[in-house]
2 protein chains.
Amino acid sequence: MSAKTKAATRPVARPALSREVVADRAVELADIEGLEAVTVRRLATELGVTPMALYWHFRTKEELLAGLGDRVLDSVRVPEATGDWAADLRTALVALIAAMRPHPQLADLVAERMLQHPHGRDLTEIALGTLADAGFAPAPASYLAMLALRTAIALVTGDQVDDSGMTAEEREEQQRRKTAMIRSLPPKQYPALVAHADAMTYCSDVDMFFELGVDHYIAGVKGMAPLSR
Amino acid sequence: MSAKTKAATRPVARPALSREVVADRAVELADIEGLEAVTVRRLATELGVTPMALYWHFRTKEELLAGLGDRVLDSVRVPEATGDWAADLRTALVALIAAMRPHPQLADLVAERMLQHPHGRDLTEIALGTLADAGFAPAPASYLAMLALRTAIALVTGDQVDDSGMTAEEREEQQRRKTAMIRSLPPKQYPALVAHADAMTYCSDVDMFFELGVDHYIAGVKGMAPLSR
DNA sequence: ACCTGAACACCGTTCAAGT
DNA sequence: ACCTGAACACCGTTCAAGT
C-alpha cells in the first residue's frame with residue numbers, strides 16, 4: 001500500500017530463514033494440522049521458499065524432526081532439587097509433561113532427543129539420581145527413568161489418538177460414535193466396558209487425568225523402592 | 001520344470017490374495033524392515049501383484065494398517081478370571097505384552113484397534129472390571145486402563161527407538177556410541193547419568209525389564225486403590 | 001469377483017547452477 | 001553463504017478397463 005517498495009532489508013513477508021525459524025514454523029504446523037502435515041515441500045511453501053532452501057539449514061528431514069523435539073525441550077523449566085527424592089522425581093516428571101503438553105504431536109520426537117538436549121539430560125540426571133537415592137540399582141533405575149518418559153508421552157498423547165486437523169464438531173461426532181459403539185455391545189459379555197462407556201470416551205477433567213498419571217507413576221516407584229521403609 | 005503348465009488352480013508362486021494373506025505379509029515386512037517399509041507398492045511387488053490389487057481387499061492404506069493391529073490382537077490369549085483383582089489385572093497386562101512383544105513395530109497400531117477387536121475388548125473388560133473391584137470410580141478406572149495399554153506399548157517398544165532393518169553390528173556400533181557419548185559428559189554436572197551409562201544403553205535382562213514394568217504398574221494401582229486398606 | 005494399466009498429485013533428495 | 005531449477009525415484013489413490 002505505502003510507497004516503500006525497497007523498505008528494510010526484509011519486509012514482513014519473509015523473515016530470513018534459519019534453523020529456529022524453520023523449526024518454529026514446523027512446530028506450529030504440527031500443532032495445527034498434525035505431524036503428517038509437516039513435509040519439506042509444504043513447509044517450504046509455508047515459508048515462501050523453495051523446498052531445497054530448507055536443505056541448507058537441515059541436512060535431512062530426520063534432522064529437521066530432531067529439531068522439533070529440541071524445540072520442545074528448549075521450553076522445559078528444569079526444577080531445583082529439594083533433597084526429598086520422591087518429591088524431586090515428581091516435579092521432574094511434571095516439568096517434562098508441562099513442556100510436552102502443548103505439543104502432543106511431538107511427544108515421540110522429544111523422547112529421541114532426551115539425551116542430546118541439555119534440558120533432557122538435566123531431567124534424566126534428576127530421575128536417575130532420585131531413583132538411586134531411593135535405593136534402586138542401576139538397571140532398574142534406568143528402566144524406571146525410561147518408564148517415566150513413556151508415562152509423560154502416554155499422558156500428553158492421551159486417548160485422543162489423532163484429533164489433529166479436526167474441527168470441534170468432527171471430534172464430537174467421533175466421540176458420539178465411540179460411546180454408541182461401546183454401548184451397543186452385549187452387556188452380559190462386557191458389563192464393565194458398557195458401564196464405562198462415557199468415562200472411556202469423554203475426559204471430564206484433563207488436569208485430574210495428568211495428576212492421576214503422575215500419582216500412579218510415583219506410587220509405583222514408592223511401592224517398589226528398596227528403601228521405602 | 002514338469003510338463004504341468006496348467007496344474008492346480010494356483011501354483012506355489014502366488015498363494016491367492018486375501019485380507020489375511022496381505023496382512024500377514026505386511027506384518028512380516030514390518031517385523032524385518034520396519035513399519036516404514038510397509039508401503040502399498042512394496043507390499044504389492046512382494047506379493048507378485050499390481051499395487052492396485054491390494055485395493056480390492058483394503059479400501060485405503062489406513063484400513064490395511066488397522067488390519068495389522070488386528071492381526072496382533074488375534075494372537076492374544078485372553079486369560080481366565082480368578083477373582084483376585086490384582087492378579088487378574090496383571091495377567092491381562094501380561095497377555096497383551098506377550099502378544100505385542102514379537103511385533104514392537106506394530107504397538108501403536110494395536111492401541112487404535114483395542115476396542116474394535118474382540119480380544120482387545122476382552123482385555124479392556126478385564127482391566128475395567130478389576131479396577132472397579134479395586135474401588136476405582138469410572139473416570140480413574142478408565143484412565144488407569146488406558147495407562148496399562150500405554151505401559152505395554154512402552155515396554156515392547158523399549159529403548160531400541162528403531163533398530164528395525166539394522167544388523168547386529170550396526171546396533172552394537174550404535175550402542176557403543178551411546179555409552180561413549182554419555183561417558184563423555186561432565187561428571188560434576190551429570191554424576192548419576194555418567195554412572196548409569198551402561199545401564200541406560202544395554203538391557204542386560206529383557207525379561208526382567210518386562211517384569212519390572214508390570215510390577216511397577218500393579219504397584220502403582222495398588223498404591224492408589226481406594227479399597228487397598 | 002478380482003486384477004491390470006495409465007494417470008495424478010504428492011513425497012524426500014541429488015546435483016548443478018545462480019547471486 | 002544462501003537459495004533456485006530441473007530432475008529422479010519414490011509415495012497413495014482414482015478411474016476405466018480387462019477377464
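Chain A is the first sequence line, chain B the second, and so forth, proteins listed ahead of strands; every chain is numbered from 1.
The side chain of B:Thr50 sits closest to C:dT4 out of D:dT4, D:dA1, C:dT4. When the nucleotides D:dC3, C:dC11, D:dC11 are ranked by their closest atom to the side chain of B:Thr39, D:dC11 comes out on top.
Atom CD in A:Glu46 sits about 11 Å away from atom P in C:dC11, given to the nearest Å. Between the CZ atom of A:Phe58 and the C1' atom of C:dG12 there is a distance of 15 Å, rounded to whole Å. At whole-Å resolution of the value, CG in B:Leu64 and P in D:dC11 are 14 Å apart. Atom P of nucleotide C:dC11 and atom CG of A:Leu54 are separated by 12 Å, given to the nearest angstrom. Atom-to-atom, CH2 of A:Trp56 to C1' of D:dT4 comes out at 13 Å; the value is rounded to the nearest Å. In this structure, CG of A:Leu47 is placed 16 Å from P of D:dC2, rounded to the nearest angstrom.
For the side chain to side chain donor-acceptor pair (under 3.5 Å) test, no residue two or more places apart in sequence or in another chain qualifies with A:Glu211. Applying the salt bridge (Lys or Arg N to Asp or Glu O under 4.0 Å) criterion to A:Arg150, with sequence neighbours excluded, gives no partner residue. Every residue two or more places apart in sequence or in another chain was checked for a side chain to side chain donor-acceptor pair (under 3.5 Å) with B:His57, and none qualifies. For the salt bridge (Lys or Arg N to Asp or Glu O under 4.0 Å) test, residues two or more places apart in sequence or in another chain that qualify with A:Arg176 are A:Glu173. For A:Tyr55, there are no side chain to side chain donor-acceptor pair (under 3.5 Å) partners two or more places apart in sequence or in a different chain. Among residues two or more places apart in sequence or in another chain, the salt bridge (Lys or Arg N to Asp or Glu O under 4.0 Å) test is passed with A:Asp205 by none.
Within the structure, salt bridge (charged side-chain N to carboxylate O under 4.0 Å, His left out) pairs that include any residue of residues 119-129 of chain B do not occur (at least two apart or interchain).
Taking 4.0 Å as the cut-off between side-chain N and carboxylate O, B:Arg71 and B:Glu28 do not count as a salt-bridged pair.
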Secondary structure of DNA chain C per the Watson-Crick/G-U criterion (both distances under 3.5 Å; [ ] crossing, | other strand, . unpaired) is ||.|||||...|||||.||

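Annotation for A:Glu172: atom CD does not count as buried by contact number, only 12 or fewer foreign heavy atoms lying within 6.0 Å.
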Where along nucleotides 13-19 of chain D does protein come under 4.0 Å, by heavy atom, of base (B) or sugar-phosphate alone (S), with - for untouched nucleotides?
-> BB-----

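Phosphate contact (OP1/OP2 of D:dA1, side-chain N/O of A:His57, threshold under 4.0 Å): absent.
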